[in-house]
Amino acid sequence: MRTRYLVTFCTFFILIQITQAQNENDSVIKVVDIEKFIIQMKMHENHTLFDVRTWMEFKKGRIPHAINAENHNILFAYTDTMDLEQSLFLYCATNFRSKSAGRSLAEKGFKNIYILEVGFNGWKAAGNEIDRGRPKRSANHLKKSNI
């Protein structure tokens, strides 16, 4: 009987810890609409904008000044030397991949993460500026893309 109570208590305690960690991550990740995304980028002049779509998607068009980080290895290559207070803005096609990347960055300790709620598809549909120039792959991208 004591063992049953102990197991129940431990399970409850672990669930509380998991929920608390998730809530802490959620508080540093802000999923925002286009208007707030633009406003926050302007307010945080020293920010970094990451496009977490594939290279093929990225080269067809992107939000101006975005850096392609198509997988976690490339994203971490960029962010490993960044200050954890640095404001990071992320988007993908919809927001599924960017939320995953945002959670990973929050787990690393980043405190100011903004996700574009409607993703690039929504950005484009709203008629916002798109960079269609030919992008170059960065050294981080070339080193980390095959890992």
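For Arg132, the side-chain contact (heavy atoms from CB on, under 4.5 Å) partners two or more places apart in sequence, or in a different chain, are Lys124, Ile130. In this view, Asp33 satisfies the salt bridge (Lys or Arg N to Asp or Glu O under 4.0 Å) rule with no residue, not counting sequence neighbours. Remark: Lys59 engages Trp55, Met56, Pro135 in a side-chain contact (heavy atoms from CB on, under 4.5 Å) (not counting sequence neighbours). Scanning for ring pair (Phe, Tyr, Trp, His ring centres under 6.0 Å) contacts around Phe76 gives His72, with sequence neighbours left out. With sequence neighbours left out, the side chain to side chain donor-acceptor pair (under 3.5 Å) criterion links His65 to no other residue. Evaluation of the side chain to side chain donor-acceptor pair (under 3.5 Å) rule for Thr54 yields Glu57 as partners, not counting sequence neighbours. Under the side-chain contact (heavy atoms from CB on, under 4.5 Å) criterion, Ala126 pairs with Ile34, Asn128, sequence neighbours left out. In terms of the side-chain contact (heavy atoms from CB on, under 4.5 Å) criterion, Glu45 has no residue partners (sequence neighbours excluded).
A side-chain donor-acceptor contact under 3.5 Å links Asn71 to the backbone of Ile74. Checked by atom type and distance alone, the side chain of His47 pairs as donor or acceptor with a backbone atom of His44 at under 3.5 Å.
Put simply, the residue from Phe89, Phe58, Phe120, Tyr78 that forms a ring-ring contact (aromatic ring centres under 6.0 Å, His included) with Phe50 is Tyr78. The side-chain contact (heavy atoms from CB on, under 4.5 Å) with Val31 is formed by just one residue from the set Leu116, Ile113, Ile115; it is Ile115.
A distance of 12.0 Å separates NZ of Lys36 from NZ of Lys30, quoted to the nearest 0.5 Å.
Proximity of Arg97 to Arg53: side-chain heavy atoms (C-beta onward) are separated by under 4.5 Å at one or more points. With a 4.5 Å cut-off on side-chain heavy atoms, Arg62 and Asn68 do not count as touching.
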Assess the residue pair Leu105 and Leu90 against the criterion (side chain to side chain contact (heavy atoms under 4.5 Å, CB included)); give the C-alpha distance rounded to whole Å, side-chain angles, the decisive distance to 0.1 Å, and a yes or no.
CA-CA 11 Å; Leu105 292 167; Leu90 298 103; 3.9 Å; yes

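Phe96 and Val32 fall into different hydrophobic clusters, where Ile, Leu, Val, Met, Phe, Trp and Tyr residues are linked whenever their side-chain heavy atoms come under 4.5 Å apart, directly or through other members.
The shortest non-hydrogen separation linking Ala101 to Leu75 is CB-CD2, 3.7 Å. Across Ala106 and Val28, no two heavy atoms sit closer than the pair CB-CG2, 3.6 Å. The two residues Phe110 and Leu88 have their closest heavy-atom pair at CD2-CD1, 3.5 Å. The two residues Cys92 and Val52 have their closest heavy-atom pair at CB-CG2, 3.7 Å.
Under a 4.5 Å side-chain heavy-atom cut-off, the cluster of Ile, Leu, Val, Met, Phe, Trp and Tyr residues that includes Ile39 is completed by Met43.
Pairs passing the side chain to side chain donor-acceptor pair (under 3.5 Å) check and including a residue from residues 80-92, sequence neighbours excluded, read Thr48-Gln86, Asp51-Tyr91, Asp80-Lys108. Within the structure, side chain to side chain donor-acceptor pair (under 3.5 Å) pairs that include any residue of residues 109-123 comprise Gln40-Tyr114 (at least two apart or interchain).
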